[in-house]
Every structure is written in structure tokens, then in C-alpha cells.
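The structure appears right after this line, and notes come after that.
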Amino acid sequence: PAESSKPKFYALSMFPYPSGNLHMGHVRVYTIVDVIARHKRMQGFRVLNPMGWDAFGLPAENAAIERNIPPAKWTYANIDQMREQLKDLGISFDWDKEVTTCSPDYYQWTQWLFLQFLNMGLAYQKEALVNWDPIDQTVLANEQVDSEGKSWRSGAKVERKQLRQWFFKITDYAEQLLQDLDQLSGWPERVRLMQANWIGKSIGAHVTFTTQDGDDLTVFTTRPDTLWGATFMVISPEHPLVEKLTTPAQSEAIKAYQAEAAGKSEMDRTAEGREKTGVWTGGYAINPVNAEKIPVWIADYVLVDYGTGAIMAVPAHDQRDFEFAKTFNLPIKVVVQPQDQTLDGETLAAAYSGEGVMVNSEPLDGVPAGKGKGKSVEAAIAHLEAIHKGKGTSNYRLRDWLISRQRYWGCPIPVVHCPQCGVVPVPDSELPVKLPDNVEFSGKGSPLAKLEDWVNVPCPTCGTPAQRETDTMDTFMCSSWYFMRYPDAQNSGAAFDPAVTNDWMPVDQYVGGIEHAILHLLYSRFFTKVMRDRGLLTCDEPFKRLLTQGMVQGKTYKNPKTERYVIPQNIKDLANPVDPETGDALEIVYEKMSKSKHNGTAPGEVITKYGADTARMNILFKAPPEKDLEWDDADVEGQFRFLNRVWRLVTESSVGAKGIAPSSSTKPLIKAEKDLRRAVHTAIKEVSEDLQDEYQFNTAVSELMKLSNALNDAGIKQSGVYTEGIETLITLLAPFAPHIAEELWKQIGKTSSVHQQPWPKLDPDALISDELTLVIQVMGKTRGTVQVPASATREELETYARTSEVGQRYLEGQTVKKAIVVPGKLVNFVLS
RNA sequence: GGGGGCGUGGCGGAAUGGUAGACGCUACGGACUUAAAAUCCGUUGACUGUAAGGUCGUAUGGGUUCAAGUCCCUUCGCCCCCACCA
């Protein structure tokens, strides 16, 4: 059929960072996506299976600093090398759709997308706390700060610093991003849960207190019903009202605490454990429901960017508040009384959060405590809304996405800061804002900010001297829309033609690592929704189905005493490994491949020695795709043997396949032929099923092995059924081992490509057997089997079982109370 | 602390509630070979038995069922995500 009339299938694998070398993890993802793509093509789909490069990022800048190689040169050299390695693996990518995020052809449109967000009010600037390296004069990502709070490069103690940063308002889409998870039935449940968890919706209320100065002080709480038990308030050290609330007497202590909190990284704050710290501002707020005057404290356990950055503290019913109250000797007031005991704030040993009824909470007294219809939370919200002091609301853990980075090797943010006009977008006609290449890399400060020629430009609006933004974008920006670009990768006039991209979207199958379960997938979903609202996409969700493949782990020889990893070459007897230095017995454990563990295997070595097909087969066969895979070079031999067996089966002994036409229905089949044909069609059924719903490549490969074994054992090599079997084996093998399959296809005299063959069609009649193996159970225990005609009725099955040798042996002298007959399977005799 | 997952031979792993251990690796035995490699054949959950066979067996203890690796509850162990989240 014409290409355009076929149904579409968009297969997508997460594009790699071009580090320069393919590792086993890459081999795994791309082999998986390739099997899927090849199978779909044979099934008659038009398939898009593109590849590209997530090419901005730190390693290129590090190479520039350490080895004085320009980041672009380093990156493109790596891309060329990895592209060749992927081709060696035989992955059927559509190379004409290749995208490279660091190429101006691509990042021009990343910039354009940024401006769409800006126009739509979804991009904004605000001060934010960042990790600042005082020696290198640069901002650090969280991953670049070690567990002791020091910079990975300079070793300097990292500071927290307020800097003006760009954000995307992903929080505007929090509810949609949460709701639409329900549509993603083709995603692993755990990924959906991780996303839901990350968005972190909690339902509760905003409650407005009034400070002594008459300012509103709003808190978010999931338990507004316990408001009557609030005995103090805690606001974060960065809260805007801190200064106003602080009395002169407390001023010094508050400032000291604020400074201490500011100096701490997030690591430090959590590393401290659970001990509560805080300082009283000296100020008070009025509880809106009972007019009680309660003190306002600051403490770093209240986070400025969660909720409203302020909480009401109910020590009787919240453990954190309880600990705080005990530490600082604050009053504890019980407002929920359980049925079976009487709580007293004075003697309480821990916060009580169980069931009970409301007390000391007029007008809620007597209402059952808790969430749900007719319970106290609902009643409290109704009361608050009635007195206009609060309202029911939801809060999300999700925060706006900080997209700016103070780095060179990223996509420049296309705005100009004008003293007259403020933030001015660079006009579309002047995009892309290109990264300058005459840059010096000292490792200190932002290289872009130092380039005066580049920074100083006239304002696009008013023409007065202005400055370019010198921040670049988070690389997650580039990867949040690449799948929209692929279908129309060559378009030089737009990010993509909606007609073209909408034809392919959504992605039918996405394959990638679980490490992207949250950020990349969430950002991509966010971008898709924004593009939909911008009128460019028609789908709500970008990825219909998601497969998260497990890690590839390498075999390590570990000394359990010294915790050291021994180089395998240094071990004399690998079967009984012993540490050559200490003499300790080594244990074999599989861990993430790394140089320091001496457990890496370069895919290139395997390909050179055994061929790409062997590498592919081994990685598919060793474990189900979503599980971690233990790579052992020794196993590769097994796959190599299998492919060699198939090779010999076809080339040496296949007289039939070469000269004899596949089975025709003109002649009745003899039993051996029927048996072989059943094996052939069982393989078609099983392999097809394994590639259909849940991808189970490991069992698919084992079915191919079974078919190969059946053909090998068949004594009817002159039969047309044998020819059918050989042709089927090669065709089924094609998506898995494309090179060998193609070669064998030529060997049996075909002129077309095996990859253009239709996927083998199952003949259900071929599966039908004249006989079946009936299992005989007595009291649920399997006692034996008997061959019976497949056509036997229930009654006949029971009789066959009874009269069989096994049946007679076990039933002699026994009374059968009941016989359970499962047609086609078994008979179970229940004795009295 | 919250959420989720997993536990099956020496190993990787198979099993719509219906013969547990498919398929493969390792190991052992044999054939071929002057020899080795490769290849081919056989054995390979434990205990027991000359054998036919029997008993036990899917982390643990219980339950549901004619029948449980599979469903329900207990306990133990491991892994992942989030986490002073109000």
C-alpha cells in the first residue's frame, strides 16, 4: 500500500548526551526501540524512528576548561563517533530526521519557544536562592554540590545566594498535569505515581490571621479544623513579614538566625536531623476564630516556597509542632478528644492525630474529627468561608521551574535588558541569538558576561544601549520539545509545521531510562500542553506508551572486607576468585558499570568479536526490559552459539528451504508435518504476543530458540512445512537480529529484503492438535498424565483419567466423591 | 515518616488459579579429534530408592479453593521514589 495510507507509528527513544562513546545502557534502549520499529514496519505501519543529540551541557564546558577544546568542536566530534557506533549496531533510525540541540538550526526554535512562553505570561524573573561557588564565581547545580556542601570543582564551601533567575510557570498546569496522568494507561504505574507524588497535591484551606500591626498573615493547612488548637505560628526565616513583626528586643537574635539559615545549603538543613530550632520574633498574630493572641516564631523547618511560607502550629495534633512546643516550652491545647482516653496538653507525650471528636472549638464541638463528608475539616472550611477568614483550597508541592543557568554551553535566553523598556524579547527575525565562539574558558565566572561586544547591543524597541541576557537555558528545555521537531526536522521557517507534527503525534511508544521518570517527562508533558494551548498541537499528552528500561550492570569482583573492587585480569581463578593482595575470597556482585569498579564492557568490543546481532540478542534475552540486566561477557557466547546454530540450520541442512515451496494445502499433512507446523505457528503466536502488549523480548527470543530447536530436530527436511518453518524463523528473527536475518534470507534465494516482508500470519488451525496431554490429579496432587484425543467430551475425559494406568493405581479401593474436569487440561479426583 | 515494588534451582529468568523451574548460562558425563577449539548427545531443585516410584519444595507463618509461585492476611529481608510538605 502507499506509504501515506498506512497507519502511523511514532517510536521514540530518549536521545543521548553525546559523551563520545556508546555504553551498554545505550545499546539496551536503542536495541529495544529498534525491535519495536522493525516489527511495526513489518506489520504494515509507516514508522518514524528518529535520533538526535541532547548536546548542550556541562561536560563540553569542562573539556574546554581542562583541555582547551572549544565545546562545539568537542561535541560534534563526539556526535560523529557515536553516530557511527549506532550504525554499527544496526539501529534503523531515520537519520534524515536527526536533530542536534546545540545547532543554531535547532536552538533558534528553542529560543522561539521561550518567547512564546514569555508572551503567554508563562516565563518570568524573580529572585531565587541558588548554590554559589565563591571561588569560581558561578552558580552550581545541586548535583555539583557534594554531600559536605562543597563545590565539586573548586572545593569551596558553597553559599546560598539570592540571584535574579528565570522561571517557567509550570505550577499553572499542576492540576492538569496531575489529572491527565489518568489518561496514561500505557505508562508504568510507578512512573505515574512518582509524578503524582512530585506534583504533590494536598487539599486543605487558606486561613488568614491578622498580625498585631493589622497585616494579613495567611497560612495553608490541611487541618483547618484544628485551628482552635493553634498556640503559636511559625513563619520561614525568609518570609516578607519577619522584619515588621520583629520587636527591637528580638531583632539581633532574629537576624542571627536568618543569617545562619541563609548560609546553609539544603543538604545542611536536612542533614541536621530532627532537632527543632527557631527564634521568637517578639510579635503576635490574632487567631481569626477565637481572637486569641499567639506568638509568631521563625524556624527553618518552615519552607519559604511551600504553601504560604507560614504555618499555624497545633502542637497537640502535629508531631513537628509538638516537638517545637516542647523544645521552647510553648502551650499545648487539645482540640480532638478520642473516645477511649482523655488527652491533656500538659501531659501529652506525642501529638495525637487519630480519630475523635472536636472539643474547645466552638462552633465545632462534638463534630467527628477528620476529613470527609460531615466531618470537622469540612465544617471548619464552611465556618471560615462564612466569616471571610479563609477558604478551601489545594496546595501543590510542585514549584515553578528555574530554567536559567549561568553557563556558556547552553541555549542563550533571547532577551535584552533595556534601562528604558525593561525586558525586551529579541524579535523573531533576529533569532537565533547565536552563542559567540570567541570565548575564553577560565572556569571562573560566566564566559558570556565577559564578552562586551556580545553583551552590549541596542534595545530592539527603542535603540538605546542595552545588555543581552547572559544566562542560558536549562538543557531540559531543549529536550522538552525535541519530539515535536523530529517529524519536521528540516524545517527552516518554523519550529515545526503543525500539520506535519500533528500527523505523527502523540508518540506511540517512548523508551528510556527510569531516571527521567520525573523531570524530563513532566517538562515534556508541560510543553505539550502549552503548545496545545498555543494552538500548535492537538494532543493533550505527548507519550501514549512508555517503557522504562532497567540499568545494565557489570560484573564486579568485590572484596567484602576491604570493600575494594579487584581488576578481573589480576584474578587467577575467576571461578573461585581470590583477592591477589589480601587472599580474601571475593564476592561477585553486579553494579552500575564504572571505571573504578573495573566492570565496564565497551559495546564496540562485543560487536567486533561477535557481531552486532549477538550483542542485541544477548541484551534482549538476559532480562525483561524494565528490569536491571546483569551483563556478563561469558553469556555472550551463548547467544553467539544460538545465532551460529540458526546459520547452520539454514545454510547447511536446509535442502527443503532452498528447493521446495512452502507447504500447500493440496496434500494432507502427515503427523510429523502437523507437529512441526504447530511448532511454527506456536512461535508466530508467542513472538507476536510478546511484541504486542507488554514488551517481553526475553521470552520472544526464547520462543525463537524453541522454533530453531524444533526445526533442527525435525526429520522432514524435504517437506514444504519445513520450508515454511525456515522462512518463518528468519522472518521472526528479523527485528531482533537484522543482519543475520537479511543474510539468511538471501541464502534461501530471496531477492527482496526480509525487512520488507509482512509479519508472519498465524493460522489458528495449525495450533489444533489431535491429542492432548491430560493431567491427572488426586486430591489436588498431580499424579501423572495420559494422552487423550483432543475431541473428548467431559465425560470421556473423566473416563480416560479413571481407566488410565495412573488413575487405576491411585483410585483402587478409594471412593471418588467428586471429579473436577477442566476441559483441555486436567481431571482432579476428590476422594471422600 | 509517606508512597511503590520485589523475594522461584549454582546463575539469568519462565509460568491466563490447573504438570513449578520454559528458554538459556554454568557444571558434570559421553561422542568426534593425535590433541585442543568448535560441534553433537546426555544429566543437572533437594532428600530417598537398584529401579518403578515416593516425600519435600517458589522468603516466613496462616487463610480462601477440588487445586495457590499466582488471590487474602502476618512476619522477615532487599530495592526504588518522595520527605521537618504544614
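Here is how names work: the chains are called A, B, and so on, in the same order as the sequence lines, proteins then strands, and each is numbered from 1.
The CE atom of A:M617 sits 8.0 Å away from the CG atom of A:D613 when rounded to the nearest 0.5 Å.
Note: A:W401 and A:F476 fail the aromatic proximity criterion, with ring centroids not under 6.0 Å apart.
Separation of the P atoms belonging to B:A15 and B:C71 is 14 Å when rounded to the nearest angstrom. Rounded to whole Å, the separation between the P atoms of B:G54 and B:C40 comes to 35 Å. Between B:C79 and B:A86, the two C1' atoms lie 30 Å apart (nearest whole Å). Taking atom C1' on both B:U50 and B:A35, the two are 38 Å apart, rounded to the nearest angstrom.
One interatomic measurement links the two molecules: CG of A:D713 to C1' of B:G42, which rounds to 14 Å at whole-angstrom precision. In this entry the distance linking CG of A:D628 with P of B:G7 reads 14 Å, nearest Å. Atom CD of A:Q787 and atom C1' of B:U19 are 12 Å apart (whole Å). Remark: P of B:C78 and CD of A:E591 are 16 Å apart, rounded to the nearest angstrom. Atom CD1 of A:I776 and atom C1' of B:C66 are 16 Å apart (whole Å). For A:N395 and B:A83, the CG to P distance is 15 Å, given to the nearest whole Å. Taking atom CE on A:M705 and atom P on B:G13, their separation rounds to 15 Å, with Å as the unit. Between the CH2 atom of A:W631 and the P atom of B:G13 there is a distance of 15 Å, given to the nearest Å.
Using a cutoff of 4.0 Å between basic side-chain nitrogens and carboxylate oxygens, A:E591 and A:K558 are scored as salt-bridged.
Put simply, the side chain of A:N828 and the base of B:C66 share a donor and an acceptor less than 3.5 Å apart. The base of B:U16 sits with one of its N or O atoms less than 3.5 Å from a complementary donor or acceptor on the side chain of A:K825. Applying the 3.5 Å distance criterion, the base of B:G1 shares no donor-acceptor pair with the side chain of A:Q319.
Look at A:K627 and you'll find a side-chain N or O under 4.0 angstrom from OP1 or OP2 of B:G13. Between A:R192 and B:G3 there is no side-chain polar atom (N or O) within less than 4.0 angstrom of OP1 or OP2. Close to B:C25, at under 4.0 Å from its OP1 or OP2, lies a side-chain N or O of A:R641. Close to B:U55, at under 4.0 Å from its OP1 or OP2, lies a side-chain N or O of A:R783. Between A:N644 and B:A38, a side-chain N or O to OP1/OP2 separation shorter than 4.0 Å is absent. Side-chain N/O atoms of A:R648 include one lying less than 4.0 angstrom from OP1 or OP2 on B:C40. At the phosphate of B:C56, OP1 or OP2 sits under 4.0 Å from a side-chain N or O atom of A:K781. The side chain of A:T782 contributes an N or O atom lying less than 4.0 Å from OP1 or OP2 of B:A20.
Using a 4.0 Å heavy-atom cutoff across all strands shown, A:G200 reaches no nucleic acid atom at all. Nucleic acid contact for A:T308: none, since no nucleic acid atom lies under 4.0 Å from a heavy atom of the residue. Looking at heavy-atom distances under 4.0 Å, A:V830 makes contact with sugar-phosphate atoms alone, never a base. Residue contacts shown for A:T785 include a base, since a base heavy atom lies under 4.0 Å away.
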What side-chain donor-acceptor pairs closer than 3.5 Å can you find for residues 633-641 of chain A, not counting sequence neighbours?
residue : atom : partner : partner atom : Å
A:D633  : OD1  : A:T601  : OG1          : 3.0
A:D633  : OD1  : A:W631  : NE1          : 2.7
A:D635  : OD2  : A:K622  : NZ           : 2.5
A:E637  : OE2  : A:Y610  : OH           : 2.7

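Under the 3.5 Å distance criterion, with hydrogens and angles disregarded, no donor-acceptor pair is assigned to the side chains of A:T556 and A:N599. Counted by atom type alone, A:Y257 and A:T277 present one or more donor-acceptor pairs between their side chains at under 3.5 Å.
In B:G9 the O4'-C1'-N dihedral to the base is within 90° of 0, which defines a syn nucleotide.
Between A:Q319 and A:A351, the shortest heavy-atom contact is OE1-N, 3.0 Å.
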- Please report the C-alpha distance between A:D400 and A:T171 in whole Å, then the side-chain angles of each, then the deciding distance to 0.1 Å, and finally whether the side-chain hydrogen bond (donor to acceptor under 3.5 Å, both in side chains) criterion is met. CA-CA 6 Å; A:D400 275 343; A:T171 52; 2.7 Å; yes
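Residues of residues 309-317 of chain A having a heavy atom closer than 4.0 Å to RNA chain B, listed by number: A:I311.
Taking only side-chain atoms of A:K276, from C-beta outward, the nucleotide of B:G54, B:C80, B:C84 with the closest atom is B:C84.
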